[in-house]
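Inspection log for the structure reproduced underneath, given as structure tokens.
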Amino acid sequence: MRLKRIAQDLWTVEHEHFAFGIHFPGRMTVVRLPDGHLWLCSPVPIDASLAAELAELGPVRWLVAPNRFHHIHLEAVIQRYPDAQLLGAPGLPEKRKDLSFDATLDGALPTSWAGVFEAQVLDGAPALNEVVFFHRPSGTLVTTDLFMNVHETKGALSKFVYWAEGCWRRPRVPRLFSLITKDKARMKAAAEELVKWPIGRVILAHGAIVEDHAEAVVAEEMKRAFGVEPLPQGAAHVA
């Protein structure tokens, strides 16, 4: 079985990926919405075996490409689920003109996501335009490249890259993410929204899921990377 249950109506699927000689341990996030449909974020290759596992959970309705880098497997996944809705990060439809996107993730979320997801576009780094999601029922922040936390990898080059990025065996905003941030004020404003969420867990595409002190980890990294001041003690989270 490839599906790993993380919480109620929340699963992940891991996938090994290599690019430019670097090993990227990847992860797709799967959420079952209240209407029974499945939400797939950062899709990985889906073979017949994995498709059968997903079918036991419900029909795949939403395919989410959460930044301008995580789109490699979209074409094959769309072919498997031609009736699913494809949503992409701002700028991705222009980058992947060969794909037909139903919407971009810079406006109102679909009504069937209400009460399940909050979303924030990190548009201060337009090369990525990453969209992060807060899965409210489980208190989980779903990210893609905003955080990395790689504990195991393949090859000395891969280990060096993650060490150089500052995210070898610890959850950090990679140095590259900070370097590609073009509008620091916009990024800080977006990051300030993240720390308002009552985060109990962080799912990331590359590396170990953060289960311990997740809210503090996010707050510390948003301050270190983007200058976000912590919420005053006792401040209420966004309802």
Side-chain angles (χ1 to χ4, degrees), residues 1-7 9-20 22-107 109-113 116-117 119 121-122 127-135 138 140-148 203-207 209:
M1 174 174 255
R2 292 179 60 189
L3 279 168
K4 180 180 179 181
R5 186 179 184 275
I6 304 300
D9 293 327
L10 175 65
W11 299 263
T12 61
V13 179
E14 297 184 0
H15 171 67
E16 304 292 332
H17 179 70
F18 290 84
F20 309 108
I22 301 170
H23 170 233
F24 290 93
R27 179 178 288 110
M28 173 174 74
T29 302
V30 180
V31 171
R32 182 164 52 199
L33 299 174
D35 61 9
H37 289 128
L38 299 186
W39 179 93
L40 275 53
C41 185
S42 191
V44 300
I46 299 176
D47 57 19
S49 176
L50 179 55
E53 288 186 50
L54 291 168
E56 291 183 4
L57 303 180
V60 173
R61 174 63 172 169
W62 303 99
L63 304 175
V64 177
N67 70 30
R68 297 185 71 223
F69 286 0
H70 280 240
H71 58 82
I72 297 174
H73 307 296
L74 285 180
E75 184 175 3
V77 175
I78 291 167
Q79 290 175 1
R80 183 172 288 278
Y81 300 109
D83 295 328
Q85 298 286 299
L86 176 61
L87 281 69
L92 186 54
E94 289 76 22
K95 183 176 183 178
R96 290 297 306 268
K97 294 181 180 180
D98 57 315
L99 301 178
S100 180
F101 287 82
D102 294 283
T104 54
L105 292 161
D106 54 356
L109 299 181
T111 56
S112 62
W113 300 12
V116 179
F117 289 114
V121 183
L122 304 178
L128 271 180
N129 271 347
E130 178 158 331
V131 184
V132 297
F133 299 92
F134 181 60
H135 182 242
S138 67
T140 300
L141 180 67
V142 180
T143 73
T144 311
D145 294 327
L146 176 63
F147 286 96
M148 292 186 183
I203 291 178
L204 48 162
H206 309 297
I209 294 172

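Note that the structure is predicted; figures quoted are calculated from it, not measured.
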Going by side chain to side chain donor-acceptor pair (under 3.5 Å), name the pairs with one or both residues in residues 72-82, residues two or more places apart or in two chains.
none
Spacing of CG belonging to L128 relative to CG belonging to L122, to within rounding of 0.5 Å:
9.0 Å
Evaluate the ring planes of W113 and W39, with Trp represented by its six-membered ring, and classify them as parallel (under 30°), tilted (30 to 60°) or perpendicular (over 60°).
perpendicular
Write down the atom of V64, the atom of P43, and the distance for their closest heavy-atom approach.
O-CD, 3.4 Å
From the list L33, D35, D9, side chain to side chain contact (heavy atoms under 4.5 Å, CB included) with V116 holds only for L33
Under 4.5 Å between any side-chain heavy atoms of F133 and V31, yes or no?
no
Interatomic distance, L50 atom CG to H15 atom NE2 [nearest 0.5 angstrom]:
11.0 Å
I203 CD1 to L10 CG distance, which is reported to the nearest 0.5 Å:
4.5 Å
Distance (rounded to the nearest 0.5 Å) between S42 OG and L63 CG
11.5 Å
In terms of the angle between their ring planes, are H70 and H206 parallel, tilted or perpendicular, with boundaries placed at 30° and 60°?
tilted
Is a side-chain N or O of E130 found less than 3.5 angstrom from the main chain of T143, in a donor-acceptor match?
no
Evaluation steps, side chain to side chain contact (heavy atoms under 4.5 Å, CB included), between F117 and H135:
CA-CA 5 Å; F117 289 114; H135 182 242; 4.0 Å; yes
So do the side chains of R32 and W11 get within less than 4.5 Å of each other, counting heavy atoms only?
yes
First locate atom CZ of R61, then atom CG of L38, and finally report the distance between them rounded to the nearest 0.5 Å.
12.0 Å
At what distance, to the nearest 0.5 angstrom, does CG of L204 lie from CZ of R27?
6.0 Å
N/O donor to acceptor pairs below 3.5 angstrom from side-chain atoms of residues 86-105, sequence neighbours left out:
{"from": "K95", "atom 1": "NZ", "to": "R68", "atom 2": "O", "distance (Å)": "2.8"}
{"from": "R96", "atom 1": "NE", "to": "D98", "atom 2": "OD1", "distance (Å)": "2.9"}
{"from": "R96", "atom 1": "NH1", "to": "H71", "atom 2": "O", "distance (Å)": "3.1"}
{"from": "R96", "atom 1": "NH1", "to": "H71", "atom 2": "ND1", "distance (Å)": "3.0"}
{"from": "R96", "atom 1": "NH2", "to": "D98", "atom 2": "OD2", "distance (Å)": "2.8"}
{"from": "D102", "atom 1": "OD2", "to": "L86", "atom 2": "N", "distance (Å)": "2.8"}
{"from": "T104", "atom 1": "OG1", "to": "D106", "atom 2": "OD1", "distance (Å)": "2.6"}

Can you confirm whether K4 sits close enough to I209 that some side-chain heavy atom of one is under 4.5 Å from a side-chain heavy atom of the other?
no
Closest heavy-atom contact between S138 and A7?
CB-CB, 3.9 Å
